[in-house]
Structures are given as C-alpha cells and as structure tokens.
Amino acid sequence: MSTLPDAARVACAELERRLAGRLPPSWEPALRASVRRCAATRAASGKVLNAIATKLPELMGGSADLTGSNNTEIKGGGPGRNFHYGVREHAMGAALNGIALHRGFIPFGGTFLIFSDYMRPSIRLAALTHLKPIYVFTHDSIGLGEDGPTHQPIEQLATLRAIPT
C-alpha cells in the first residue's frame, strides 16, 4: 500500500499519463463540442484549441508574431502555456521539437502557411524522428489576398508533402 498522500498519487498518475503520451478520456467530447457550425478555418482552429486546452493541461504553444491572426492563444493560459516567439519561425519549429522530445507536453506553433519555408528543417526533423508537434498553418489560400503576392503559399503545400516520414 502506498504511503503517498492522495494529491501526490494524483500528480504521479498525471505525470505517468503524460510521459506515456496518453490523452485523458475527457478531451474528445470537448473537441466535438467546440465547433458547432461553419466558421473560417482559423476561427474554428482557435475554438478547438481553447476547448481541448481545458482538458489537456499539457497543451502549450504559441505563434510567430501572428497570435491575433491565426488564433493561437490559449485564453486564460497565461505565460506558462502561451509562447510569443516573435518573427522567428525557425526558432519556433526547433523549440516545438525540443518540447516534444522532452515528452509530457503537447507543443503547438502557428504561422501563415507561406512562412512554413522557414520551419522546413524543423518540420523535416520532426517527421523523420516521429515527433508530434502541432503546426497551425493559416492563410492557406493561393488566391491573392490583402497582403499581396508575397503571402501567397503557391508551392508550400507541395514542398511540405515531399518531406519524408
């Protein structure tokens, strides 16, 4: 019989669950309930992120200076769960890999799809080593948007699909 107090047993069980990569059973209903109607994909993504964040304390991440545009803030998450990488997609990708490699956390990072080129080495490394960071790529239309042709992700999808796994 364990001599640990109840709180310590609960914390130990939580740590073991996280290190094993198991999700709590309560996360899936939160996912289903988060988006009930059609919405822009980045708005829906932000709702899903916040809904499952209430059930997954290990979910943490942020954005490369585009938090408001790609809805990657965990509301009420504070500095321990929300990271502000600045305009540093490559560093963000490397940090996501490090957090995923550590285990016990589910890291996510968001940016516009056009800027995935800056993250490609980190994305490739994650694919080859079977790490599972979550990438939130928004503004994925190849149509000419308000930011002009410099923000049109024409070839990005093809280059991401070419990454070996």
Side-chain angles (χ1 to χ4, degrees), residues 1-86 88-111 113 115-116 118-138 140 160-161 163-165:
M1 188 152 183
S2 175
T3 59
L4 289 175
D6 288 343
R9 275 197 298 269
V10 169
C12 184
E14 174 69 7
L15 180 61
E16 287 175 352
R17 178 191 68 76
R18 287 170 151 202
L19 292 177
R22 293 188 314 268
L23 297 175
S26 61
W27 82 274
E28 199 171 352
L31 174 65
R32 285 195 190 114
S34 61
V35 180
R36 295 253 183 235
R37 58 187 169 147
C38 294
T41 53
R42 60 188 163 139
S45 171
K47 286 181 181 180
V48 167
L49 184 70
N50 276 282
I52 63 175
T54 64
K55 304 298 181 184
L56 298 173
E58 63 266 39
L59 185 66
M60 58 173 36
S63 177
D65 203 37
L66 299 163
T67 302
S69 293
N70 55 30
N71 297 310
T72 51
E73 180 180 6
I74 296 175
K75 307 289 187 224
R81 292 184 79 182
N82 290 305
F83 303 150
H84 302 284
Y85 294 99
R88 295 175 187 88
E89 278 84 356
H90 179 69
M92 179 177 70
L96 295 175
N97 286 349
I99 295 167
L101 189 60
H102 177 274
R103 295 186 356 209
F105 297 100
I106 301 173
F108 69 88
T111 190
L113 182 58
F115 302 133
S116 64
Y118 301 123
M119 296 176 64
R120 193 174 309 130
S122 296
I123 293 170
R124 185 173 193 275
L125 183 63
L128 291 173
T129 57
H130 304 285
L131 295 176
K132 297 179 182 177
I134 297 171
Y135 305 108
V136 180
F137 293 126
T138 64
D140 57 357
L160 289 170
R161 285 183 175 158
I163 293 175
T165 58

Next item on the list: Report the C-alpha separation of L23 and I106 in whole Å, then their side-chain angles, then the decisive distance to 0.1 Å, and conclude whether the side-chain contact (heavy atoms from CB on, under 4.5 Å) test is met.
Entry: CA-CA 10 Å; L23 297 175; I106 301 173; 3.7 Å; yes

To the nearest 0.5 Å, how far apart are [atom1] in [X] and [atom2] in [Y]?
X: N97; Y: R124; atom1: CG; atom2: CZ; answer: 12.5 Å
X: L19; Y: H102; atom1: CG; atom2: NE2; answer: 8.0 Å
X: L125; Y: L96; atom1: CG; atom2: CG; answer: 12.0 Å
X: L4; Y: R9; atom1: CG; atom2: CZ; answer: 6.5 Å
X: T111; Y: Y85; atom1: OG1; atom2: OH; answer: 12.0 Å

Taking the side chain as every heavy atom from C-beta outward, state whether [X] and [Y] have any atom pair closer than 4.5 Å.
X: T67; Y: N82; result: no
X: N71; Y: S45; result: no
X: F83; Y: I99; result: yes

What are the two closest non-hydrogen atoms of [X] and [Y], and how far apart are they?
X: S116; Y: I123; answer: O-CD1, 4.2 Å
X: S122; Y: Y135; answer: O-OH, 4.0 Å
X: A30; Y: K55; answer: CB-CG, 3.7 Å
X: A127; Y: I163; answer: CB-CG2, 3.9 Å
X: F108; Y: T72; answer: CE1-O, 3.4 Å
X: G109; Y: M92; answer: CA-SD, 3.8 Å

Note to self: Restricting to salt bridge (charged side-chain N to carboxylate O under 4.0 Å, His left out), what partner residues turn up for E14, sequence neighbours left out?
What the structure shows: R17, R18

Check: What class does the angle between the rings of Y118 and F115 fall in, given that below 30° is parallel, 30 to 60° is tilted and above 60° is perpendicular?
Finding: parallel

Donor-acceptor pair, side chain of [X] and main chain of [Y], under 3.5 angstrom:
X: R42; Y: N70; answer: no
X: R81; Y: L59; answer: yes
X: N50; Y: E73; answer: yes

